[in-house]
Amino acid sequence: MAHQAGGQRPAPRPVPDTCDTQAYLQDYGALLEYMSCPSMVVDHQWNVVMANRAFEALFRGVGPHPTAMPGVNFLRFVLFHPDAGGILGEHEAAWCLPMLAQLRTALEFYGHDHELQAVRREIAQDPIMEAAYRHGLPHWISAVGEAATRLDGAVRLLHHPDPRHGRTECRIVEEAPQPLRELGYRRLTMVLREPRRPTTVRRPRRPRGTTSHLTAVPAPEG
């Protein structure tokens, strides 16, 4: 199975103890390793079930944290780890608010989930984050629309530690094959994009022999 990036999990997450399920997950972990883009499989609590080496490389410089390592729980990492903003560009607007929206949706479906409730309590203990969750999040959603809360298809800024990538964008692609869905899992992949090149504006050629003038100012008549 693929790495547990960003720190080892204290205890393995239980999965149905069937030969077919274990074999599928083992093969799926091998598939992740063939991918050059950071990819992880998470459950409904955002626990990272498996992640590939590209994911590990993205977060290799993250310092230790007791509860918010990226390879243990990605929701906690985004919200609580002090190093998150150094990798996840435009951290508050592009990552924190959408993940708070993800938490709110998860609590609607799994209201009594102890781990999700623990995250909610930690937010409540921080006045700034509590204000963001109660007041900032609804205001943001009304301004940008519910579509912005979905991760699938979103383009986000990254600060990759590998200088070959550096400051780049990724498109998040979410997938859940049937066997993963049955386990309550889904895969999220950060598809790294090529840096955007500045658009070159072509100016009209001037006839030879004419006097040069600003293109924004019309040439004098006659």
Side-chain angles (χ1 to χ4, degrees), residues 1-18 21-33 35 37-60 62-84 87-88 91 95-96 98-125 129 133 149-152 154 156 170 172-190:
M1 192 174 292
H3 300 311
Q4 296 296 343
Q8 292 294 324
R9 185 186 307 284
R13 296 286 159 182
V15 297
D17 189 17
T18 66
T21 299
Q22 295 291 347
Y24 179 85
L25 291 177
Q26 184 175 1
D27 291 342
Y28 202 86
L31 171 66
L32 289 190
E33 289 303 337
M35 301 181 64
C37 296
S39 190
M40 60 180 166
V41 174
V42 299
D43 62 16
H44 74 274
Q45 300 168 332
W46 285 90
N47 294 311
V48 178
V49 178
M50 64 179 76
N52 62 5
R53 287 187 178 90
F55 182 91
E56 186 177 41
L58 176 61
F59 298 104
R60 68 188 179 196
V62 169
H65 191 283
T67 63
M69 295 304 290
V72 176
N73 187 287
F74 195 72
L75 173 66
R76 284 183 170 275
F77 171 72
V78 173
L79 297 181
F80 303 132
H81 201 297
D83 295 346
I87 300 172
L88 307 177
H91 178 237
W95 294 91
C96 280
M99 291 300 281
L100 286 175
Q102 291 283 315
L103 172 63
R104 187 191 66 171
T105 300
L107 284 170
E108 291 175 357
F109 285 93
Y110 309 99
H112 299 293
D113 185 281
H114 69 281
E115 194 159 340
L116 294 174
Q117 288 291 347
V119 174
R120 181 66 186 92
R121 286 193 298 271
E122 287 189 45
I123 291 172
Q125 292 168 6
M129 292 196 70
Y133 187 84
T149 67
R150 294 192 291 269
L151 295 180
D152 188 27
R156 297 286 184 260
C170 72
I172 300 173
V173 177
E174 181 178 326
E175 297 175 305
Q178 183 65 29
L180 290 188
R181 284 201 303 272
E182 292 175 355
L183 295 169
Y185 299 164
R186 53 186 167 143
R187 185 181 82 187
L188 291 100
T189 302
M190 302 176 188

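Since the model is a prediction, treat every value here as computed from it, not as a measurement. These values consider heavy atoms only, across backbone and side chains, with no hydrogens, waters or symmetry-generated copies.
To the nearest 0.5 Å, atom CG of residue Leu100 and atom CH2 of residue Trp95 are 14.0 Å apart. The CG atom of Leu31 sits 9.0 Å away from atom CG of Asp27, with the distance rounded to the nearest 0.5 Å. Rounded to the nearest 0.5 angstrom, Ile123 CD1 and Leu103 CG are separated by 5.0 Å. Remark: Leu58 CG to Glu56 CD distance equals 11.0 Å, nearest 0.5 Å. To the nearest 0.5 Å, atom CZ of residue Arg104 and atom CE of residue Met99 are 14.0 Å apart. Between atom CZ of residue Arg53 and atom CE of residue Met35 there is a gap of 14.5 Å, rounded to the nearest 0.5 Å.
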Is there a side-chain contact (heavy atoms from CB on, under 4.5 Å) between Leu188 and Phe55? Walk through the geometry before answering. CA-CA 11 Å; Leu188 291 100; Phe55 182 91; over 6 Å; no
Between Arg156 and Ile172, is a side-chain contact (heavy atoms from CB on, under 4.5 Å) present by the stated rule, with each step listed? CA-CA 8 Å; Arg156 297 286 184 260; Ile172 300 173; 3.9 Å; yes
Would you please test Leu32 and Arg187 for side-chain contact (heavy atoms from CB on, under 4.5 Å) and show each step? CA-CA 10 Å; Leu32 289 190; Arg187 185 181 82 187; 3.4 Å; yes
Dump the intermediate steps for side-chain contact (heavy atoms from CB on, under 4.5 Å) on Phe80 and Met129, then the final yes or no. CA-CA 10 Å; Phe80 303 132; Met129 292 196 70; 3.8 Å; yes
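What you find for Arg76 and Ala118 is that their closest heavy atoms are NH2-CB, 3.8 Å. Looking at every heavy atom in both residues, Pro177 comes nearest to Glu175 through CD-C, 3.9 Å. When every heavy atom of Pro70 is checked against every heavy atom of Phe59, the shortest pair comes out as CG-CB, 3.7 Å. Counting all heavy atoms, side chain and backbone alike, Phe74 lies closest to Met190 at CZ-CE, 3.7 Å. Taking both residues in full, the closest heavy atoms of Ala106 and Leu116 are given as CB-CD1, 3.8 Å, listed atom of the first, atom of the second, then distance.
The closest donor-acceptor contact from the side chain of Asn52 to the backbone of Cys37 lies under 3.5 Å. Asn73 places a side-chain N or O within 3.5 Å of a backbone atom of Gln45 that can act as its donor or acceptor partner. A distance-only check finds no donor-acceptor pair linking the side chain of Asp83 to the backbone of Val62 [under 3.5 Å]. A donor-acceptor contact shorter than 3.5 Å is absent between the side chain of Arg186 and the backbone of Ala176. Judged by distance alone, the side chain of Gln117 and the main-chain N or O of His112 form no donor-acceptor pair under 3.5 Å. Remark: side-chain polar atoms of Gln102 are paired, donor with acceptor, to backbone N or O of Thr149 under 3.5 angstrom.
Side-chain atoms of Glu182 and Gln178 include a donor-acceptor pair closer than 3.5 Å.
Looking at heavy atoms from C-beta onward, Leu183 lies in side-chain contact with Leu25 at the 4.5 angstrom threshold. Within the 4.5 Å cutoff, no side-chain heavy atoms of Tyr185 are placed close to those of Met50.
The number of heavy atoms from other shown groups lying within 6.0 Å of CZ (Arg150) does not exceed 12.
The aromatic rings of His81 and His65 sit tilted relative to each other, their planes meeting at an angle between 30° and 60°.
In terms of the ring-ring contact (aromatic ring centres under 6.0 Å, His included) criterion, His91 has no residue partners (sequence neighbours excluded). Residues that satisfy the ring-ring contact (aromatic ring centres under 6.0 Å, His included) test with Tyr28, not counting sequence neighbours, are Tyr24.
Ring centers of His44 and Tyr110: under 6.0 Å apart, within the cut-off.
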